[in-house]
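All values below come from the heavy atoms of this structure, side chains included, with hydrogens, waters and symmetry mates left out.
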Amino acid sequence: MTGEYKILYQGGTGEIVEKKSRFIATTKPVKSEEEALAFIEEMKKKYWDATHNCSAFVIGRDNKIQRCSDDGEPGQTAGKPMLDVLLGEGIHDACVVVTRYFGGTLLGTGGLVRAYSKAAQEGLLASRVVTKKPAKEIQITTDYNGVGKIQYIAGQMDIKALDSQYTEQVVFSFLVPLEMTESFISKVTEGTNGRSQIEEKSCVYYGISEKELILFPESLEI
């Protein structure tokens, strides 16, 4: 499996108020059920005096693990709507806890569903979500005559340079989106009249958030 998918990269906190009840949503990236449960317990300790600490999490690229808890609210009015928000946004490896401080006015089942859904969305808005995309590292060794042409091709295709070394020859390392690999190699080969040495390295996942290039540690098997 090498397609792109979204993950929660950095957690955040959002808050809404409905009929004087405070709903505080806190999100966190999680890679296992143990991490998610530990985070939920952490939030329950932090907000020990709250009326409810409802939770939902999804783990795995295929959402293999999905759990939610109403924590004392009427069934299906809190955890399930929060889980639906995560699934609806297509976000993986994420946990959200919505803390409620009761304001004295009952919201009804419909009102609870809307409030917990909206709070979960606010939590995600305060977080960093990154789309993980598959790419391949391409190393190109060229003489100085090929430098300008290679840089031009990379710029035209919006391909990021990871590294460059200038000695007797020039060695570039580029991060090339997987679907652009063949085209990039073909254009560099043609543009340098076949004089560049091109080596395909590891396949990885990358993402871009707030103009920051993020490389993820796991490698891909193609």
Side-chain angles (χ1 to χ4, degrees), residues 1-12 14 27-32 35 58-64 85-96 121 123-222:
M1 297 173 67
T2 57
E4 63 181 49
Y5 64 104
K6 292 193 291 187
I7 65 162
L8 184 68
Y9 180 67
Q10 188 177 77
T27 68
K28 185 177 182 178
V30 290
K31 289 291 186 67
S32 68
E35 280 187 32
V58 288
I59 296 169
R61 181 171 170 179
D62 57 355
N63 295 327
K64 186 175 181 180
V85 168
L86 294 177
L87 295 174
E89 294 290 337
I91 296 173
H92 305 258
D93 297 339
C95 182
V96 57
Q121 291 165 348
L124 290 177
L125 286 173
S127 308
R128 289 177 73 183
V129 175
V130 173
T131 300
K132 292 179 68 171
K133 301 178 181 181
K136 184 173 285 189
E137 183 185 349
I138 303 293
Q139 182 175 292
I140 302 174
T141 304
T142 183
D143 58 27
Y144 279 80
N145 292 325
V147 170
K149 188 64 177 179
I150 292 169
Q151 290 176 328
Y152 174 78
I153 293 169
Q156 286 293 300
M157 298 180 72
D158 196 25
I159 288 172
K160 310 294 183 184
L162 297 176
D163 189 31
S164 57
Q165 300 176 26
Y166 291 80
T167 54
E168 292 183 359
Q169 291 185 305
V170 181
V171 180
F172 291 110
S173 289
F174 290 105
L175 185 69
V176 185
L178 208 56
E179 71 276 7
M180 298 172 66
T181 302
E182 289 186 14
S183 175
F184 180 64
I185 291 174
S186 175
K187 288 182 178 182
V188 169
T189 300
E190 180 181 348
T192 60
N193 297 315
R195 292 196 298 270
S196 293
Q197 178 184 337
I198 302 173
E199 186 177 354
E200 298 184 36
K201 298 286 191 175
S202 59
C203 292
V204 297
Y205 272 113
Y206 78 100
I208 296 176
S209 175
E210 300 175 358
K211 298 183 179 180
E212 175 191 356
L213 175 65
I214 303 164
L215 292 176
F216 294 95
E218 71 268 33
S219 60
L220 299 177
E221 297 293 335
I222 304 299

With sequence neighbours left out, write down each residue that passes side-chain hydrogen bond (donor to acceptor under 3.5 Å, both in side chains) with [X], or none if nothing qualifies.
X    : result
N63  : H92
E200 : K136
S127 : T27
S183 : none

| query | Heavy-atom count around E190 CD within 6.0 Å, excluding the residue itself: above 12? | reply |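 No, because the 6.0 Å sphere around CD of E190 holds 12 heavy atoms or fewer from other groups.
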Side-chain heavy-atom pair [X], [Y] within 4.5 angstrom cut-off:
X    : Y    : answer
L162 : L215 : yes
V204 : E137 : no
F184 : P177 : no
V96  : L124 : no
P29  : I7   : no
L213 : L175 : yes

First locate atom [atom1] of [X], then atom [atom2] of [Y], and finally report the distance between them rounded to the nearest 0.5 Å.
X    : Y    : atom1 : atom2 : result
E199 : I185 : CD    : CD1   : 11.0 Å
T192 : Q197 : OG1   : CD    : 11.5 Å
T181 : I159 : OG1   : CD1   : 8.0 Å
I59  : C95  : CD1   : SG    : 7.5 Å
S164 : I140 : OG    : CD1   : 12.0 Å
T189 : I198 : OG1   : CD1   : 3.5 Å

| field | Residue pairs fulfilling salt bridge (charged side-chain N to carboxylate O under 4.0 Å, His left out) with at least one residue in residues 153-169, sequence neighbours excluded | value |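 Listed by first then second residue: D158-K160.
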| message | By the salt bridge (charged side-chain N to carboxylate O under 4.0 Å, His left out) test, which pairs, at least two apart or in different chains, include something from residues 174-183? | response | none
| remark: Hits for ring-ring contact (aromatic ring centres under 6.0 Å, His included) against F172, two or more places apart or cross-chain, chain-then-number order -> F174
What pair of heavy atoms forms the shortest contact from [X] to [Y], and how long is it?
X    : Y    : value
V130 : G207 : CG1-CA, 3.7 Å
D93  : G60  : OD1-N, 2.9 Å
V176 : I138 : CG2-CG1, 3.6 Å
A126 : G14  : CB-N, 4.4 Å
S196 : I150 : OG-CD1, 3.8 Å
E4   : R61  : N-NH2, 4.3 Å

| message | Less than 3.5 Å apart, any donor N or O on the side chain of K132 or Y5 sitting next to an acceptor on the other? | response |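 The criterion, which ignores hydrogens and geometry beyond distance, is satisfied for Y5 and K132.
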Can you list the residues that meet the side-chain contact (heavy atoms from CB on, under 4.5 Å) rule with [X], with sequence neighbours excluded?
X    : value
S186 : none
Q10  : R128
Y144 : Y166, V170
V129 : K6, L8, I91

| request: Mark yes or no for whether D62, through its side chain, and K64, through its backbone, hold a donor-acceptor pair below 3.5 Å. | output: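 Answer holds: yes.
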